[in-house]
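All chains are named by letter (A, B, ...) in the order of the sequence lines, taking the proteins before the strands, and each is independently numbered beginning at 1.
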Protein chains: 2
Amino acid sequence: MAKPTKANTPITEHLAYLLAQANREINRQLELRLSKEGVPVEQWRILKVLSDGNGHSMGELAEAVLLNHPTLTKMIDRMVSDTLVYRLQDPNDRRKVLMFISDRGKVLCKKLNSLAVDQEEHILESYGDKSTSELKRLLESLIDSSN
Amino acid sequence: MAKPTKANTPITEHLAYLLAQANREINRQLELRLSKEGVPVEQWRILKVLSDGNGHSMGELAEAVLLNHPTLTKMIDRMVSDTLVYRLQDPNDRRKVLMFISDRGKVLCKKLNSLAVDQEEHILESYGDKSTSELKRLLESLIDSSN
DNA sequence: CTTCAATTGTTGAACTTTCAATATTTTCAA
DNA sequence: TTGAAAATATTGAAAGTTCAACAATTGAAG
């Protein structure tokens, strides 16, 4: 008889797959709401990170919004065109560029936040308070354990 | 005093963000392993779904491997070129195309499976048995509750 | 039956992302 | 202090994805 292994496990039982599936679904829902303002999820993330009012370098920002470097550069180009954010050279380290949110960006970010909160509330309703916070806890700890 | 809201919640506390972050990290690890065989994660998923030996229509497959339709068509084009899979018209419904895995595809799939199992075991080690199964359970139930 | 709507899959154009190479500035060791 | 290595951001070409339109087939209502 063959040795029992995990090799033939259906794909739906792999953690990597479940994460991809859940992410896809939740992201789709969020995308749908944000599309009311014509903004991709990544731009919302950028605005949200910048909305502390401080300057953030491109590297820092790329890490925070889960984009790699060249992709972020080009997305920021678009957002600068839309005057949602602007660039300033870092006076302390002239290799760096510091990104700031504009007034227009702040206004948009507020609208987006409330659309996103809508979604979180919708999830809470169908999925439950307890499951949600437990899931968040486990995800955080998974991320920690992966570094 | 301003009404307390969730609007200013840091992005790192949103479920959508945590999912994206965890997915990105786990996916990156898997990608790294599969790159030993020069295969993207999506192709592994396709091979795995087809490795039941049955024919699967493009629509069914797209759903299962989390790709949208045109993207799958073009990825399958590449895999047909690499003779990992092949197309047959469905005799019962000639709108449909049925995809099958080739022998070469089966051999490759086996190698990929063991690379993926490696990863799952690595996660189990650092993250723990209990957390992993609990996380899987919660993800499944989140996906269920989103339909 | 016949015709019109729905389903299934592909295609081409537009857009986005990625990889590798580049330019600039800073760091640090000799 | 100088020169090599590291860090930071951008660019251009190649590759991939997406959107909208299309083609083919089936289903179903009149």
- Message: Tell me the interatomic distance from B:H69, atom NE2, to D:dT18, atom P, rounded to whole angstroms.
- Response: 13 Å

- Item | A:L66 CG to C:dT17 C1', straight-line distance once rounded to whole Å | 15 Å

- Task: Take the protein atom CE of B:M79 and the nucleotide atom C1' of D:dG16, then report the distance between them rounded to whole Å.
- Result: 16 Å

- Note on the structure: The residue, A:L67 or A:D90, whose nearest nucleotide of DNA chain C is more 5′ is A:L67

- Task: Take A:D77 and B:P91, find for each the nucleotide of DNA chain D with the closest heavy atom, and name the residue whose nucleotide sits nearer the 5' end.
- Result: A:D77

- Message: Below 30° counts as parallel, above 60° as perpendicular, anything between as tilted: where do the rings of A:F100 and A:Y86 land?
- Response: parallel

- Between CE of A:M75 and P of D:dA9 the distance, given in whole Å, is 17 Å

- Inter-residue atom distance A:T12.OG1 - A:Q21.CD, 0.5 Å rounding: 8.0 Å

- Task: Assign each of A:D93 and A:K74 to its nearest nucleotide of DNA chain D by heavy atoms, then name whichever residue's nucleotide is nearer the 5' end.
- Result: A:D93

- Query: Should we count CD of B:E63 as having more than 12 external heavy atoms under 6.0 Å?
  - Reply: no

- Note on the structure: Of D:dA9, D:dT18, C:dG9, the nucleotide closest to the side chain of B:T71 is D:dT18

- C:dT7 base to B:R95 side chain: any donor-acceptor pair below 3.5 Å? yes

- Of the listed nucleotides D:dT26, C:dT10, D:dT11, the one nearest the side chain of B:V97: C:dT10

- Considering heavy-atom distances to DNA chain C, does A:N92 or B:H56 have its closest nucleotide positioned more toward the 5' end? B:H56

- Can you check the B:K96 NZ to D:dT26 P distance for me, whole Å? 11 Å

- Side-chain donor-acceptor pair present, A:D144, A:S141, cut-off under 3.5 Å: no

